[in-house]
2 protein chains.
Amino acid sequence: MNKEITIYDIAKDLGVSPTTVSRALNDHPAVNVKTKQKIFDAAKQMGYRSNVFASNLRSKKTNNIGIIVPRLNSSFQSSVLAGMEKVANDAGFNLIISQSLESSEKEKANARTMFNSRVDGLLVSLASNTENVEHFNAFLDKGTPVLFFDRVASNSGCTGVVIDNTQAAYNATKHLIEQGCKNIIHVLGNTKINVYADRLKGYKYALMDHEIPFNSKNVIYSDLNEEAGEDIANKIINKKTLPDGLFVSNDACAASCIQTLKQAGIRIPEDIAVVGFNNDIISRLIEPNLTTTHYPGYEMGEVAMKNLINHLGDNSKGVLQNTNTITLRSELIVRSSSLRQKTT
Amino acid sequence: MNKEITIYDIAKDLGVSPTTVSRALNDHPAVNVKTKQKIFDAAKQMGYRSNVFASNLRSKKTNNIGIIVPRLNSSFQSSVLAGMEKVANDAGFNLIISQSLESSEKEKANARTMFNSRVDGLLVSLASNTENVEHFNAFLDKGTPVLFFDRVASNSGCTGVVIDNTQAAYNATKHLIEQGCKNIIHVLGNTKINVYADRLKGYKYALMDHEIPFNSKNVIYSDLNEEAGEDIANKIINKKTLPDGLFVSNDACAASCIQTLKQAGIRIPEDIAVVGFNNDIISRLIEPNLTTTHYPGYEMGEVAMKNLINHLGDNSKGVLQNTNTITLRSELIVRSSSLRQKTT
DNA sequence: TTTTAATATGAAATCGATTTCATAAATCAA
DNA sequence: TTGATTTATGAAATCGATTTCATATTAAAA
């Protein structure tokens, strides 16, 4: 366990001051190129590595960005993270990642940890039972930017990166209506989350615009996980009148739903046309292939991270700060699970 | 942007020394309980938060654990991460996560960053083209534990957490043979990775034990992603003799393979019995349901992280260090994609 | 040639906690 | 009662980089 090399060691070796070494290593313009080269070479040769803690302590920057997601093991979230990691890594930032497991309490604890770790910025997708976002105020008070993605806080004054969930749900529902559906069930998660609240709105608007009365019994709230799909299918099967359309807010759940419906002898899409959400890999592999909305996870991660990093430099104190919502393009992908008439 | 409270502020306020404050906040036994309480109260009331950088700088501990995975957006990897996060968070560690994107170069760069960030420990699942693990030597030289999981380095002297891939592949192949298959194709990834090398071994052993000659033309190397499934299916369809068994080292790939095979009029399992690997959600949702090996990702994450954290305390310098490989239980899950005779 | 500006370097303070060493006070044993 | 021990506290050094302020040198302008 050989001792760490510090700038003092380099300075002594080369007969210059630690100040100059520090400046050289940070590529400060006021250091002579020849001196700089000499210092770089010595640093490399001596196996120097910067002590981030000393550096952070003095400069009050950490180069760490915190991320809080509801679950790490979600296909969508992991795409987002992949996008974020790419951008952050290229820009020289580290990621500190934690999951709230959909618990507002754990989200608060995670936020506190991030706060104590003094992350330079924070990216959050909210837990499903988070009612308010006061636990992020400490960051804002300190001037640390907080940016929400996917599941955003409507009233926070922070930038949010989202898709237009209302429009996407509108399009999905409209598509079902155009395929002849008149009795469409919508399966969604907790409407405390903007994502589901907005989709419900889109669903309602589409019905309205096509003069189909909204029936609250056609809305099923669910965890949207795999097991839930089976329950939902059973609920549907037990209804007095079978619906002719099904719009599920999640592909995996829709897929498991389809499976159970098929086992009960219901034909997809002839009896029930089904639309999912997310464009997960599974939507392309189940039978029939699932109509869904492409949700650009990787891109969302990239955009959110880029935007946050832009907020960090002190060059940003101006207009950029005013960005409130960044909306990404999403797209309905029509596949056979909902296609009844072959005309478009 | 109000100023940060430090232990000096608390000390001055209470008329004690910073030393005592530091000790109290770290729950040092040599501080009077009453003084301790007084300090705790003041800290809380004044909104004190410890400066981790000052602390790390002096104590040379970071409470950060680095993780390098090949890809963040992989169903298996994200389960592992979820397990790791749970354990680490409960134990008060932060995670710094990065992805190598299957590039040995990027893995090296990530390792260097982790090294400079002075993580207390490192968890790695290797990139597919990583030939040697010398880039982790810097950690070992400094006494920082490095632990591999899933994709491990055979010759590194570091602990690895794995499943018995040879046995799992043996069981899968044996199962196919028992279902009457005599001409079994094995699809796998780069055999530089222990995971695939071991499975190939298991496949061969099973053939050998059942007196089926091994034919290298029956081994297909692939990226194992979704698109690859289609290519593989086409390769199989174009073979002179159609195989009667197919063992794919990844569920998503197997699923997409099955889809293409079915479209070509091949019946599963009657014409070709198929077995996947991982027990991803998709294996339960495609048709026919996919026989697969349950791969305990979440558990692997938990075990790896627990083990690493155990290595960290100085109480561990002893026997624990000698653990070389931790093998988790995996299990063949038989479903209809391979079941020809209904007897077990 | 003098003055001014630009270039290059260094001394010392600083960031905020931890840790070593010393010591005062209280408790115990002889 | 005295010396030994325990308990509780503080002064000051330390971790390793950054940053402020000062200064020496060189180049450019007057």
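Note on naming: letters A, B, ... go to the chains in the order of the sequence lines (proteins, then strands), and numbering restarts at 1 for each one.
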* **Donor-acceptor pair, side chain of Gln99(A) and main chain of Leu72(A), under 3.5 angstrom** => yes

* So, Ser17(A) and Thr20(A): side-chain donor and acceptor under 3.5 Å apart, yes or no? -> yes

* Of the non-hydrogen atoms in Ile67(A) and Met84(A), which two are nearest, and what is the gap between them? -> CD1-SD, 3.6 Å

* Would you work out how much the helix from dT1(C)-dA30(D) to dA30(C)-dT1(D) bends between its ends, with each end axis defined by five base pairs, to 10 degrees? => 30°

* Could you check which residues of residues 6-29 of chain B get a heavy atom under 4.0 Å from DNA chain C? Sort them by number, please. => Thr6(B), Ile7(B), Tyr8(B), Thr19(B), Ser22(B), Arg23(B), Asn26(B)

* Asked: Does NZ or CZ of Arg118(B) lie under 6.0 Å from the centre of the six-membered ring of Phe53(A), at an angle within 45° of the ring axis?
  -> no

* Side-chain donor/acceptor of Asp9(B) to backbone N/O of Thr6(B), under 3.5 Å -> yes

* Asked: Quick one: CG on Asn132(A) to NZ on Lys192(A), what's the gap to the nearest 0.5 Å?
  -> 11.0 Å

* Please report, rounded to the nearest Å, how far the C1' atom of dA17(C) is from the CG atom of Asn56(B). => 10 Å

* Within the structure, does a side-chain N or O atom of Lys60(A) lie under 4.0 Å from either OP1 or OP2 of dG16(C)? -> yes

* Report the distance from atom CG of Leu57(B) to atom C1' of dA17(D), rounded to the nearest whole Å. => 8 Å

* Nearest whole angstrom, please: distance from the P of dT7(C) to the NZ of Lys34(A). => 17 Å

* Can Asp120(B) and Lys61(B) be counted as an ion pair, charged N to O under 4.0 angstrom? -> no

* Structure fact -> Quick note, Ala30(B) side chain, CB onward, closest among dA13(C), dT9(C), dT9(D) is dT9(D)

* Start at the 5' end of DNA chain D and walk down; is the nucleotide closest to Lys36(B) or to Ala54(B) reached first? -> Lys36(B)

* Is Thr35(B) near enough to dT9(D) that one of its side-chain N or O atoms lies under 4.0 angstrom from OP1 or OP2? -> yes

* To do: Could you verify whether a donor N or O on one side chain and an acceptor N or O on the other, from Asn73(A) and Ser79(B), lie under 3.5 Å apart?
  => no

* **Length of the CZ-P vector between Arg58(B) and dA17(C), whole Å** => 14 Å

* In whole angstrom, give the distance that lies between atom CZ of Arg118(A) and atom C1' of dA17(C). => 11 Å

* **Nearest heavy-atom neighbours spanning Arg151(B) and Pro70(B)** => NH1-CG, 3.6 Å

* Asked: Can any side-chain N or O of Glu302(A) pair as donor or acceptor with the backbone N or O of Lys86(A) at less than 3.5 Å?
  -> no

* In whole Å, what is the span from the CD1 atom of Ile39(B) to the P atom of dT18(C)? -> 12 Å

Can you name the atoms? Protein N/O to nucleotides 23-26 of chain D N/O, anything below 3.5 Å, with the distance.
none

* Could you give the CZ-to-C1' distance, from Phe53(A) to dT14(D), as a whole number of Å? -> 17 Å

* Give a yes/no answer on whether the side chain of Asn32(A) brings an N or O atom under 4.0 Å of OP1 or OP2 in dA8(C). => yes

* Would you please say whether a donor-acceptor pair under 3.5 Å links the side chains of Ser117(A) and Asn64(A)? => no

* Side chains of Asn89(A) and Glu85(A), donor plus acceptor under 3.5 Å -> yes

* Structure fact -> Separation of dC15(D) atom C1' from Asn51(A) atom CG, nearest Å, is 8 Å

